[in-house]
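First comes the structure, then the notes that go with it.
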Amino acid sequence: MIIVIDKERKTELPFSRGILTRSITSAGVEVGIAYSIATEVMKHFMEMRKKKVTKDDIREITYEKLVEHGLKEEAKRYLFWRRLKKLKFPMIILIGGTTGVGKSTISTELAFRLGMRTIIGTDTVREVMRKIIAKELIPAIHTSSFLAWKEIENFPKGISPLIYGFETQVRHVAVGVNAVIERSYTEGFNTIIEGIHLVPGYIKLNDRSFMYLIVVKDKESLKARFYERTRYSLRPAEYYLKNLDEIMEIQEFLIEKAKEHRIPIIENVELEKTVNAIMERLMEEVLERLKERGIEIWE
């Protein structure tokens, strides 16, 4: 058995190919290839007859193996995420987008790659608010985002009732979401928050928060996603399909707000590509913010 020594935490734990695989996938390497490389790293230490290794030893050999496999860019990204972890730079990642675009799946994959344990959905925040705030007081939070307008009696002139109802719901839910962000920031937690209520302009961003809007190309793409979702969800596709036009209108509104507040817009065509695109942008933004603080991550 190979023991990994963590000098900072003063711990000794068995070498785990699973943990190393996760670290390698953070560089954009497919899980199968990442596991193969993790196995090669383990075999290297076994052949060297090493009983104990440090995290720096693992990092060095993993980098070499990635380069050997022709994955030079991935090797560089691997070093970036490992060194960032040593800097203890907590992040709050916000994944917005309308109903059905794949926010939850993307967030789960991001959490796996980055080793984050906390994922919070804005629908969960809204559900808590529903339990403590009567429908008579704030009716807009007691229904779906694309049906909130039906709970409102009077609408301002010149604005879509659908969008006004949606914004009304967002305005209330954002209070709870911003409280979660503030708590994560204060405590230094790594957190991923996902949900339709993450609307640029309503969410208070800080120097450790990174926001992305996920979109789909057209109604047909969204329709296919709703049918796909029924394979692992109790939510019937028909409920959403009959409101497809409204959902797409909300997406257009979200795109406008993202452009207005300069939030990256990422089309979700394939999970692997979408997550890699977010990871790339995240790396660029983190590097820029560290540079502003006078912190150089590359040795």
Side-chain angles (χ1 to χ4, degrees), residues 92-107 109-110 120-123 125-126 140-141 143-149 152 155-156 158-174 177-178 181 192-206 209-229 237 239-282 284-285 288:
I92 304 164
I93 302 174
L94 308 162
I95 306 295
T98 195
T99 307
V101 296
K103 302 181 297 297
S104 298
T105 305
I106 291 167
S107 297
E109 181 63 20
L110 278 172
I120 299 172
T122 63
D123 277 339
V125 176
R126 182 180 62 173
I141 66 171
T143 187
S144 297
S145 56
F146 47 81
L147 297 176
W149 66 276
I152 299 172
F155 300 96
I159 186 171
S160 161
L162 171 70
I163 299 304
Y164 182 76
F166 173 62
E167 281 195 277
T168 300
Q169 184 180 99
V170 167
R171 187 161 48 248
H172 293 300
V173 177
V177 173
N178 285 325
I181 293 173
I192 295 178
I193 304 175
E194 60 87 12
I196 192 172
H197 306 97
L198 299 177
V199 179
Y202 287 95
I203 301 302
K204 297 177 182 178
L205 303 178
N206 54 55
S209 57
F210 304 86
M211 189 172 186
Y212 306 95
L213 176 67
I214 308 300
V215 300
V216 293
K217 185 177 181 182
D218 49 38
K219 285 199 292 186
E220 289 305 311
S221 299
L222 189 57
K223 185 186 296 184
R225 289 187 175 279
F226 283 130
Y227 280 122
E228 174 66 20
R229 194 164 72 175
Y239 174 71
Y240 299 98
L241 293 178
K242 66 182 181 181
N243 293 286
L244 205 56
D245 288 334
E246 287 80 1
I247 294 171
M248 291 303 293
E249 185 178 336
I250 288 175
Q251 174 170 276
E252 288 305 312
F253 170 74
L254 291 173
I255 290 173
E256 289 177 12
K257 298 295 285 185
K259 288 179 178 178
E260 179 185 342
H261 292 271
R262 304 177 75 176
I263 298 299
I265 300 169
I266 299 174
E267 183 182 347
N268 186 21
V269 178
E270 181 185 326
L271 177 63
E272 188 77 16
K273 291 181 179 179
T274 302
V275 174
N276 284 342
I278 294 172
M279 294 288 285
E280 280 290 318
R281 287 179 176 272
L282 185 59
E284 291 172 5
E285 290 184 64
E288 186 177 330

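Below, all heavy atoms of this structure are taken into account, side chains as well, without hydrogens, waters or symmetry copies. All values derive from a computational prediction rather than experimental measurement.
- Comment: Lys223 engages Glu220 in a salt bridge, judged by a side-chain N to carboxylate O separation of less than 4.0 angstrom.
- The side-chain hydrogen bond (donor to acceptor under 3.5 Å, both in side chains) with Tyr202 is formed by just one residue from the set Glu167, His261, His197; it is Glu167.
- The backbone N or O of Val170 sits nowhere less than 3.5 Å from a side-chain atom of Arg126 that would complete a donor-acceptor pair.
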Show me the side-chain donor-acceptor pairs of residues 94-102 shorter than 3.5 Å, one per line, residues at least two apart or across chains.
unit_1: Thr98; atom_1: OG1; unit_2: Ile247; atom_2: O; d: 3.4

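- Under a 3.5 Å cut-off, the side chain of Thr168 and the backbone N or O of Tyr164 do form a donor-acceptor pair.
- The side-chain heavy atoms of Trp149 and Ile163, taken from C-beta on, include no pair separated by under 4.5 Å.
- When the salt bridge (charged side-chain N to carboxylate O under 4.0 Å, His left out) test is applied to Glu252, no partner is found at least two apart in sequence or on another chain.
- Atom CD1 of Ile93 sits about 5.0 Å away from atom CG of Leu282, to the nearest 0.5 Å.
- Here CD1 of Ile192 is found 11.0 Å from OG of Ser104. Values are rounded to the nearest 0.5 Å.
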### Message
Could you go through Phe226 and Leu244, starting from their C-alpha distance and side-chain angles, then the distance that decides it, and tell me whether this counts as side chain to side chain contact (heavy atoms under 4.5 Å, CB included)?
### Response
CA-CA 10 Å; Phe226 283 130; Leu244 205 56; 3.7 Å; yes
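- Checked by atom type and distance alone, the side chain of Asn268 never pairs as donor or acceptor with a backbone atom of Val215 at under 3.5 Å.
- Distance alone, capped at 3.5 Å, places no donor-acceptor pair between the Glu285 side chain and the Glu280 backbone.
- Annotation: salt bridge (charged side-chain N to carboxylate O under 4.0 Å, His left out) contacts of Glu260 (sequence neighbours excluded): Lys257.
- Summarising the geometry, atom CG belonging to Leu198 is positioned 7.0 Å from atom CD1 belonging to Ile181; distances are rounded to the nearest 0.5 Å.
- Side-chain N/O atoms of Tyr240 and Ser144 include no donor and acceptor closer than 3.5 Å.
- Under the side-chain hydrogen bond (donor to acceptor under 3.5 Å, both in side chains) criterion, Asn243 pairs with no residue, sequence neighbours left out.
- We find the CZ-CG distance between Arg281 and Asn276 to be 13.0 Å, quoted to the nearest 0.5 Å.
- Counting only heavy atoms from C-beta outward, the side chains of Lys217 and Val269 never approach each other to under 4.5 Å.
- The closest donor-acceptor contact from the side chain of Glu194 to the backbone of Lys103 lies at 3.5 Å or more, if one exists at all.
- Residue Gly165 comes nearest to Ala148 through the heavy atom pair O-CB, 3.4 Å, listed as atom of the first residue, atom of the second, then distance.
- The distance from the CD1 atom of Ile266 to the CD1 atom of Ile278 is 4.5 Å, given to the nearest 0.5 Å.
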### Message
One pair to check against side chain to side chain contact (heavy atoms under 4.5 Å, CB included): Ile203 and Val199. What are the steps and the verdict?
### Response
CA-CA 6 Å; Ile203 301 302; Val199 179; 5.7 Å; no
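- Nearest heavy-atom pair, Ile141 versus His172, reported as atom, atom and distance to 0.1 Å: CG2-CB, 3.8 Å.
- For the atom pair CZ of Phe146 and NZ of Lys242, the computed distance is 9.0 Å after rounding to the nearest 0.5 Å.
- Defined by atom type and a distance below 3.5 Å, a donor-acceptor pair is present between the side-chain atoms of Glu249 and Ser160.
- The shortest heavy-atom contact between Gly195 and Thr122 is CA-OG1, 3.2 Å.
- Under the rule for a salt bridge (charged side-chain N to carboxylate O under 4.0 Å, His left out), Glu267 has no partner lying at least two apart in sequence or in another chain.
- Looking at every heavy atom in both residues, Val216 comes nearest to Ser221 through CB-CB, 4.4 Å.
- Taking the salt bridge (charged side-chain N to carboxylate O under 4.0 Å, His left out) definition, one finds that Glu288 meets it with nothing, sequence neighbours left out.
- The minimum heavy-atom distance linking Ser145 with Ile250 is given by the pair O-CD1, 4.1 Å.
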